[in-house]
Student: 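Starting off with a structure, shown below.
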Amino acid sequence: MVALPEPAAAGAGWEPFLPGWIVLLPLLGFLVNGAAALLAPGRKAIPTWVGPGVIGLSFLIVLANLVSILGAGAAEPVVRSYWTWIAAGDFEVAAALQIDRLSIVMALVVTGVSFLIHVYSVGYMGADPGYARYFAYLNLFVFFMLVLVLAANFPVLFVGWEGVGLCSYLLIGFWFQEPAKAAAGLKAFIVNRIGDFGFLVGLFMLFAYTGSLNFQQVFAAAPQAFTYGSAAITITTLFLFLGCVGKSAQIPLYVWLPDAMHGPTPVSALIHAATMVTAGVYLVARASVLFALAPFTSGLVAGVGALTALFAASIALQQFDIKRVIAYSTISQLGYMFAGVGVGAYAAGIFHLFTHAFFKALLFLAAGAVIHGLHHAWARVGKHPTEDEVQDLRNMGGLRDALPWTSWTAWAGALALAGIFPFAGFFSKDEIIWSVGARGLTILWAVLLLTAALTAFYVARWAAMTFSGETRVPGDVRRHVHEAPTVMMVPLILLAAGSLVAGWLNVAPGLPFLPGVSRFHDFLAPVFEQAEAIWLAHAGEFEHVAPVGGDEGLWAIVTLALAGGVLYAVFLRVSARRLLPAARAPEPSGFARLLYRKWYVDELYDRFIVRPVLRASDVFWRVVDQGLIDGVFVNGSGAASRAAGWALSRLQTGDVSTYVVAVLVGVLILLAAALGG
């Protein structure tokens, strides 16, 4: 344990604007909507206005703080402590929030995208009987996510970390009457507990070496408390990264995220785009000083990220559920973010997190608009197909004419995810590929480049199978397919605009024919200054040694790969052959079947983990619980008491002469014992 330095004078005269209300407003929304769900579940006016309203107000406060930071040029964090939460000897943890450039960026993403999802939900969930309960859960989700990103210390961050896990369980299993949906929520909750165990162990080790869990003190003390590359910092960061693997769905703990689509579609958009799954990337970026001191862990972060990106993209190639394809793309894009922060390109990783929030929310909400239109159309003709039938891409096609606005917004999101110029993904995702190549990590560079091409293919396939080509929707149903209401379309249009322009906040200098723009990176530079100094001190100035040997060649190869993936997908799925509806389509065979079955990972988990645990639990239940605890201790003690009572009751005959004889026998026994002694 080292002597703790005093935290730097924070803020340089800058005062944050109502930071506590950023967090409190969603909590108040949860309380109001929760009361409405209990007292007046049939009335929708309160959740309709309160649910989106509190998130919109939080967004405005965050925006005011962003403008204030830019105006004041504030670089140092400001900590606001509200009360002492834990006090034990010299150890003290305050319920405190930290306002700095990274937390403001994260809060801007969380509140901005969440507000649009809340507005969209007014239309999407309008007919649901659990309307008020839904908005209560949604507000609580945003509250815990804001606690996570605005926390000034690790314990408060962990409260938000666990809170979003709880809310994911509530929202994924929102329609808990259906076993599959309830099981999906439970799966998310259980899998994340594995990662959370690692996170807690990492926090214990941090405290053991630094004597604190406050961000400013831990990061200031870390270079003295830990030797660069030592076992202590490596093990500590490995445990922290285990928490990130669970929360941000990386190999091997990614299996919960595809099943999260069983919740309402706006919930999928919220979890996948702006909240829970980005928490792991945020933690690595927030603790960048610690990870910079641990080169082995950083390399593992990058390697796991790149492998996850490729693995998830390969599965997405052969999925047919309109939401499942996007779910696997989320896992893949999170892999890109980890690859970025793993090679020390922290600002690039956060930049992709920022742009990804726009186009991933857009893709999920566009999918929701398609599902909404098809459900209503099937209902109009008096038919009620299963959820799988409605959401199968093979049962769609040719919806561009019936859903023109949804179609072009969905294509905007698809092109942004594919990384096609001039959409946002081109600037953020490709910068990560460039950063990995600039470190000389040729294998990882090739993996990410291949993944980019696969991404362009499967997302273009997704859009083409939905909106282009010959329709596979029955004629009587297709006549009733219609656009979503305005309250759902406005968020789609705004997110499409964000997917187009957000990337222009940072234009990498290596891009030919474009001026270098570094507003986003410059804004975050003070946050990562210490970590980048550690990287440079131990690795020297990085030279660009990508396999193509130059910036222009690199961008040309990436662009051609992405464009080729899009064009090939469109040609293959629209022009080359007529697709069959799901009921008549043969199941994929060969390698395609392996991808369709998701590499059989869920089956492997079921066989080697789930079933053995269930069998062991059954043995413990029968042997330990029923046999030992119930049989010996509980039932056995009861039987012994009854036997003793029966034996003693035999002495109570009510005959005085019997008692006299018993007394005499006892006296004789005592006399014999005394004389014999």
Student: Side chains of K429 and T355: donor-acceptor distance under 3.5 Å anywhere?
Tutor: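 Not at all, the side chains of K429 and T355 share no donor-acceptor pair under 3.5 Å.
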Student: Which heavy atom of P491 sits nearest a heavy atom of V487, and at what distance?
Tutor: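 Nearest pair, atom of P491 first, then V487: CD-O, 3.2 Å.
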Student: Among H375, K323, K181, which residue meets the side chain to side chain donor-acceptor pair (under 3.5 Å) test with E387?
Tutor: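 Single pass found, and it is K181.
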Student: Search all heavy atoms of L492 against all heavy atoms of T409 and return the closest pair with its distance.
Tutor: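 What the structure gives for the nearest pair is O-CG2, 4.0 Å.
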Student: Can N65 and S68 be counted as having a side-chain donor-acceptor contact under 3.5 angstrom?
Tutor: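 Side-chain D/A pair, N65 to S68: absent.
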Student: Could you label the plane-to-plane angle of the H272 and F364 rings as parallel, tilted or perpendicular, counting under 30° as parallel and over 60° as perpendicular?
Tutor: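 Rings of H272 and F364: tilted, as their planes differ by 30° to 60°.
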Student: E483 versus P404: any side-chain heavy-atom pair under 4.5 Å?
Tutor: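 A side-chain contact exists here, since the closest heavy-atom pair is under 4.5 Å.
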Student: Could you work out, with ring pair (Phe, Tyr, Trp, His ring centres under 6.0 Å) as the rule, every residue matching F354, not counting sequence neighbours?
Tutor: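 Only F358, F520 meet the ring pair (Phe, Tyr, Trp, His ring centres under 6.0 Å) criterion with F354.
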Student: Keeping to residues at least two apart or across chains, list the salt bridge (charged side-chain N to carboxylate O under 4.0 Å, His left out) pairs with something in residues 163-177.
Tutor: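 For residues 163-177, and leaving out neighbouring residues, there are no salt bridge (charged side-chain N to carboxylate O under 4.0 Å, His left out) pairs at all.
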Student: Would you call the rings of H482 and H372 parallel, tilted or perpendicular, where under 30° means parallel and over 60° means perpendicular?
Tutor: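 Judged by the thresholds at 30° and 60°, the geometry between H482 and H372 is perpendicular.
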Student: Output the distance between atom CG (L415) and atom CZ (F423), rounded to the nearest 0.5 Å.
Tutor: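 If I round to the nearest 0.5 Å, the distance is 5.0 Å.
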Student: What are the two closest non-hydrogen atoms of G263 and S268, and how far apart are they?
Tutor: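 Minimum heavy-atom contact is O-OG, 4.1 Å.
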Student: Please determine, by modelled atom types, if Y282 and S248 share a side-chain donor-acceptor pair under 3.5 angstrom.
Tutor: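 S248 and Y282 do not have a side-chain donor-acceptor pair below 3.5 Å.
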Student: Taking atom CH2 as the centre, does W85 end up with more than 12 heavy-atom neighbours from other residues, nucleotides or ligands that are less than 6.0 angstrom away?
Tutor: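 Yes, the 6.0 Å shell around CH2 holds more than 12 heavy atoms from other groups.
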Student: Side chains of T308 and Y254: do they bring a donor and an acceptor to under 3.5 Å?
Tutor: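 There is no such pair between these side chains.
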Student: Would you call the rings of W462 and F467 parallel, tilted or perpendicular, taking 30° and 60° as the class edges?
Tutor: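 Perpendicular.
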Student: Go through it in stages, so that I can follow the logic: the residues are Y131 and F135, the test is ring pair (Phe, Tyr, Trp, His ring centres under 6.0 Å), and I'd like the CA-CA distance, side-chain angles, deciding distance and then a yes or no.
Tutor: CA-CA 7 Å; Y131 186 75; F135 274 104; 5.1 Å; yes
Student: Do D321 and Q319 have side-chain N/O donor and acceptor atoms under 3.5 Å apart?
Tutor: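 No donor-acceptor contact under 3.5 Å links the two side chains.
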Student: Above 12 or not: heavy atoms from other molecules or residues under 6.0 Å from CG of L494?
Tutor: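 Yes - once you tally the heavy atoms of other residues, nucleotides and ligands closer than 6.0 Å, there are more than 12.
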Student: Indicate the ring-plane relationship of H356 and H352, choosing parallel, tilted or perpendicular according to the 30° and 60° boundaries.
Tutor: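 It falls in the tilted class, 30° to 60°.
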